[in-house]
Amino acid sequence: MKITKAEVDAVALLARLELTPEETETFTGQMDAILAYVEKLNELDTSGIIPTSHAVPVENAFRADAVRPSIGVENALANAPDRVEGFFRVPKVIE
Amino acid sequence: MNYQAVIGLEVHVQLKTDTKIFCGCSTRFGASPNSQTCPVCLGMPGALPVLNKKVVEFAIRAGLATNCRIAPRSVFARKNYFYPDLPKGYQISQFELPICQNGHLDIEVEGEAKRIGITRIHMEEDAGKLVHSDIPGLGSSSGVDLNRACTPLLEIVSEPDIRSADEAVAYLKKLHQIVVYLGICDGNMEEGSFRCDANVSVMPVGSTTFGTRTETKNVNSFRFVKQAIEYEIERQIELIEEGGKVVQETRLFDPNTGETRSMRGKEEAHDYRYFPDPDLVPLVISNDWVADVALSLPELPEARRTRYRSELGLSDYDAEVLTATREMAEFYEQTLEKAKQVAVGFNNKFQEYKKSNPSANLLDFGQHLFAKSAANWVMGEVTRALNEAGKSIAECPVTPPRLAELLALIEKGTISGKIAKTVFDEMWSSDKTPEAIVEEKGLVQVSDTGAIEKIIDEIMAANMGQVEEFRVGKEKVFGFFVGQVMRASKGKANPAVVNELLMKKLKGE
């Protein structure tokens with residue numbers, strides 16, 4: 001096994017997913033199969049190859065430090081489930 | 001048992017760009033909530049971040065000024081966690097390949113020099129702001145303002161080389177001075193432009209294994225950093241002495257009590273699952289780019305201080321004060337630059353100077369002539385007047401060229417240093433040249449020996465008692481006579497001439 005049920009539960013918690021015991025069981029099996037498949041890549045000798053962080057060979061995409069208009073408070077909040085006085089309203093965060 | 005503290009600092013420096021790190025929204029402070037947002041900084045699906053080139057330039061500047069190696073290739077990464085001030089569910093930062101590494105700063109505490117290593121500097125975006133009170137109708141919820149989201153930050157991480165709260169403060173002050181000098185940060189700590197997380201642990205003296213550390217977050221003044229670290233050191237020692245164990249955790253400093261307290265709850269399994277951000281392409285920095293930025297760096301405070309001491313002959317103290325801010329140092333240098341050009345008017349003194357400095361030219365001599373007086377004026381009258389008016393040196397109504405003209409008038413003996421202060425006050429509120437003011441107010445210094453002798457004779461005649469005292473050895477009354485003569489001349493008598501003549505006459509020569 002490449003992955004345990006406990007690890008799947010830990011990842012689910014980090015992603016804020018609630019899984020039933022059956023789901024945990026299912027996903028553990030599926031993720032195990034995925035990891036086993038990807039494991040094949042380890043058979044390749046990759047010493048001397050720079051780790052690839054991007055699939056496309058592009059580098060240095062910049063913009064100039066010039067202000068562009070923002071979209072306005074109304075647009076910014078248009079999809080907000082709840083709002084108050086120009087703020088997004090969220091459940092109380094205890095600091 | 002005796003304990004040794006081990007401290008490492010993470011400093012967040014907010015960069016002084018006009019726009020955010022990955023979008024064109026303004027970074028201006030104090031705008032109404034959520035008015036400076038767009039799909040990128042709101043974390044809308046499908047929006048594409050594009051890197052602000054100026055942020056990279058500023059990061060290179062910071063790296064060069066702190067002796068770092070600039071990475072030829074660096075990569076942005078996603079740091080994944082959930083919090084309401086983080087719209088995307090991840091923060092774009094750098095992880096495995098930061099832009100700068102392996103630097104250091106040299107600090108001095110109580111006369112002892114010490115080198116503090118800098119592990120890395122990386123670029124990242126700031127989060128939004130949470131508001132828990134003062135919003136009408138907020139009730140028992142929190143408000144989120146995303147204007148600050150995506151504001152460019154540098155995180156500067158030190159090695160755990162710091163051993164006391166005082167060293168930590170010295171390091172922070174030096175770093176603060178550098179980023180402000182570099183023009184990459186406004187340095188405003190109250191508004192959070194320069195804030196610090198302190199990692200603190202303790203171990204028995206002589207041990208080589210570090211203890212478990214705590215991280216105290218977001219301390220935003222030098223005084224608070226000192227308090228927070230001192231409190232944390234003491235707390236950990238007490239805990240260990242009582243047989244307890246330090247828990248690795250995040251703590252919050254409370255400025256009202258001077259204490260730190262646990263922030264458990266926000267903690268919860270720190271597993272950020274960093275991975276390269278596919279939206280942002282790798283950053284490749286050429287040697288040419290680094291060289292260009294290096295050329296554009298201003299002279300840093302340390303180099304300036306050394307130059308002020310060796311080239312200008314200023315004291316450690318003067319050099320320290322004048323280089324405290326870049327604006328102050330530039331004001332001083334501009335004043336000196338202008339003043340030394342009038343050195344041509346002091347040929348006798350120049351010939352004298354050349355005897356001991358044969359290779360000196362006229363400008364070298366001018367620099368020698370005015371270095372100290374310009375320093376005294378900038379640190380003295382100029383600073384005093386600015387403080388009284390609540391102005392910064394950039395707003396000083398007396399410009400460096402005008403101040404230089406005033407210094408020249410003193411050096412020439414046209415006015416005394418005392419009268420010059422009156423002229424300076426007049427220059428502060430009017431646009432007139434010091435020469436015009438001196439002429440207008442009839443302030444020209446009297447160096448004519450005949451006129452001064454006449455005043456001295458009158459004063460001596462009116463104060464025969466004191467003359468006798470002087471003659472029987474009470475030399476203290478000399479000061480009394482100087483004061484009287486200066487007053488009678490309305491401050492215009494040349495003090496050097498007064499001293500010389502007075503001494504002669506009192507001694508009855």
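When reading the values below, keep in mind they use all heavy atoms of this one structure, side chains included, and skip hydrogens, waters and symmetry mates. The chains referred to below are lettered A, B, ... by the order of the sequence lines, with proteins before strands, and numbering in each begins at 1.
Among A:Arg83, A:His54, A:Glu85, the residue with the largest count of heavy-atom pairs under 4.5 Å with chain B is A:His54. Each of B:Val50, B:Val131, B:Asn80, B:Val75 has some count of heavy-atom pairs under 4.5 Å with chain A, and the biggest count is that of B:Val50. Ranked by heavy-atom pairs shorter than 4.5 Å toward chain B, the options A:Val56, A:Val73, A:Val84, A:Val90 are led by A:Val90. Comparing B:Ala77, B:Gly139, B:Pro136, B:Ser26 by how many heavy-atom pairs each has under 4.5 Å with chain A, the most go to B:Pro136. For the options B:Leu283, B:Val284, B:Leu146, heavy-atom pairs under 4.5 Å to chain A are most numerous at B:Val284.
Only the side chain of B:Pro276 has a heavy atom closer than 4.5 Å to any heavy atom of chain A. If you measure heavy-atom distances from B:Val55 to chain A, you find no contacts under 4.5 Å at all. Only the side chain of A:Asn79 comes within contact range of chain B, judged by heavy atoms closer than 4.5 Å.
Looking only at side-chain heavy atoms (C-beta outward), B:Leu182 and B:Pro298 come within less than 4.5 Å of each other.
Around the CG atom of B:Asn287, the shell of radius 6.0 Å holds no more than 12 heavy atoms that belong to other residues, nucleotides or ligands.
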Requested in this report: Test B:Tyr90 against B:Lys79 for side chain to side chain contact (heavy atoms under 4.5 Å, CB included), laying out the working first.
Outcome: CA-CA 5 Å; B:Tyr90 60 84; B:Lys79 177 180 180 179; 5.8 Å; no
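The side-chain hydrogen bond (donor to acceptor under 3.5 Å, both in side chains) check on A:Lys2 picks up nothing, with sequence neighbours excluded.
Using a 3.5 Å distance cut-off with no hydrogens or angles, the side chains of B:Thr214 and B:Arg251 do not pair a donor with an acceptor.
Taking a cutoff of 4.0 Å between a charged side-chain nitrogen and a carboxylate oxygen, B:Arg195 and B:Asp126 qualify as a salt bridge. The existence of a salt bridge linking B:Lys54 and B:Asp18 is excluded, since no basic side-chain nitrogen approaches an acidic carboxylate oxygen closer than 4.0 Å. Salt bridge present: B:Asp277 and B:Arg78 bring a charged side-chain N and a carboxylate O closer than 4.0 Å.
Contacts with chain B (heavy atom to heavy atom, under 4.5 Å) involve these residues of residues 57-68 of chain A, listed by number: A:Val58, A:Glu59, A:Asn60, A:Ala61, A:Phe62, A:Arg63, A:Ala64, A:Asp65, A:Ala66, A:Val67, A:Arg68.
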